[in-house]
Amino acid sequence: MPAPTDDSADCIFCKIIASASPVAEHGACFAFHDKYPVTDGHLLIVPKRHAPDYFSLTADEKKDADYLLHQLREAIQQEDPSVTGFNIGINNGFDAGQTVFHCHIHLIPRRKGDCENPRGGVRGVIPGKRGY
Ligand code: 5GP
Ligand code: ZN
């Protein structure tokens with residue numbers, strides 16, 4: 001596992017922002033498909049600026065990310081009516097599971113029956129703690 005870096009020159013997401021077409025973009029933020037999606041349509045919303053985590057974002061970056069979350073939710077549901085819910089998640093820090101140290105918000109579409117028992121959702125960040 002490589003050590004966490006905040007060097008934007010080595011950052012895969014900075015490279016994507018510089019060279020790939022976004023699924024959507026708004027102001028200071030950019031959205032693209034996750035390369036290893038948890039479900040079909042899994043997107044990542046990132047600030048264009050290399051900022052390591054959510055707590056480093058400016059108010060404008062948070063506002064623009066929120067706009068994209070709403071816009072993309074709408075677009076996904078219109079395109080795919082099988083989507084009946086979403087998980088929104090941010091891993092902040094190595095110990096919280098973060099692997100790419102350029103802030104990103106996971107937007108994960110959910111569908112009825114996509115797992116045996118969805119109860120607890122993001123509580124599953126600690127295996128075995130999802131149900132309560
Ligand atoms: P984290 O664990 O840091 O919250 O999530 C990093 C996410 O980035 C993972 O869901 C992973 O699939 C995604 N990812 C890793 N490398 C790449 C890449 O090169 N391109 C894209 N589009 N997504 C990536
Ligand atoms: Zn970066």
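None of these values were measured; they are calculated from a predicted model. Counting convention: from 1, in listed order, for ligands and their atoms alike. Computation of the quantities below employed the complete heavy-atom set of this structure, encompassing side-chain atoms and omitting hydrogens, waters and symmetry-equivalent molecules.
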| request: May I ask you to list the atoms of ligand 1 that are less than 4.0 angstrom from any heavy atom of Phe32? | output: 22 (N)
| note | Quick note on ligand 1: atoms under 4.0 Å from a heavy atom of Asn91 include exactly 1 (P), 2 (O), 4 (O)
| query | Are Glu61 and Lys48 within salt-bridge range, i.e. N to O under 4.0 Å? | reply | no
| task | Tell me, please: is Phe13 in heavy-atom contact with ligand 1, that is, under 4.0 Å? | result | yes
| task | State yes or no: are the ring centers of Phe32 and Phe13 separated by less than 6.0 Å? | result | yes
| said: Can you tell me which portion of His33 lies within the under-4.0 Å heavy-atom range of ligand 1? Options are side chain, backbone, both, or neither. | reply: backbone
| Which ligand 1 atoms, with their elements, are less than 4.0 angstrom from a heavy-atom of Gly97? | 2 (O)
| Atom name of the N, O or S atom in His102 that lies nearest to the Zn ion (ligand 2) | ND1
| message | If I compare all heavy atoms of Ile45 with all of Ala31, which pair ends up nearest, and what's the gap? | response | CG1-CB, 4.0 Å
| said: Using a 4.0 Å cutoff against the non-hydrogen atoms of Tyr36, which atoms of ligand 1 qualify? | reply: 11 (C), 12 (O)
| message | We want to know whether Thr58 and Asp60 form a side-chain donor-acceptor pair, criterion being a heavy-atom distance below 3.5 angstrom. | response | no
| When you measure from the side chain of Ser82 to the backbone N and O of Arg111, does any donor-acceptor pair fall under 3.5 Å? | no
| message | Taking 4.0 angstrom as the limit and counting only heavy atoms of Leu44, give me the atoms of ligand 1 inside it, by number and element. | response | 8 (O)
| note | Near Thr99 (heavy-atom distance under 4.0 Å), the atoms of ligand 1 are 1 (P), 2 (O), 3 (O), 5 (O), 6 (C)
| query | Taking the N/O/S atoms of His50 one by one, which is nearest to the Zn ion (ligand 2)? | reply | ND1
| message | Just to be sure I'm reading this right: ignoring hydrogens, which of Asp53, Val46, Val100, Ile16 gets closest to atom 20 (N) of ligand 1? Compare them by their nearest heavy atoms. | response | Ile16
| Looking at Gln98, which atoms of ligand 1 are within less than 4.0 Å of one of its heavy atoms? | 3 (O)
| Leu68 and Phe30: same hydrophobic cluster, using ILVMFWY side-chain contacts below 4.5 Å? | no
| What's the shortest distance from atom 11 (C) of ligand 1 to any protein heavy atom, and which residue and atom give it? | Asp34 OD1, 3.3 Å
| Heavy-atom gap Ile90 to ligand 1 smaller than 4.0 Å | no
| message | For a quick check under 3.5 Å, do His42 and His33 share a side-chain donor-acceptor pair by atom type? | response | no
| message | Just to confirm my output: which protein heavy-atom neighbour is closest to atom 19 (O) of ligand 1, and how far is it? | response | Ile12 CG1, 3.3 Å
| said: Determine whether His104 and His106 satisfy the following criterion, ring-ring contact (aromatic ring centres under 6.0 Å, His included), listing intermediate values before the conclusion. | reply: CA-CA 6 Å; His104 49 283; His106 295 260; 5.1 Å; yes
| Of the protein's non-hydrogen atoms, which lies at the shortest distance from atom 23 (N) of ligand 1, and what is that distance? | Lys35 N, 3.2 Å
| task | In sequence, state the C-alpha distance, the side-chain angles, and the governing distance for Leu69 and Phe86, and then conclude on side chain to side chain contact (heavy atoms under 4.5 Å, CB included). | result | CA-CA 10 Å; Leu69 282 169; Phe86 290 88; over 6 Å; no
| field | Distance from atom 5 (O) of ligand 1 to nearest protein heavy atom, with residue and atom | value | His104 NE2, 3.0 Å
| field | Whether Asp64 side chain and Ala28 backbone form a donor-acceptor pair below 3.5 Å | value | yes
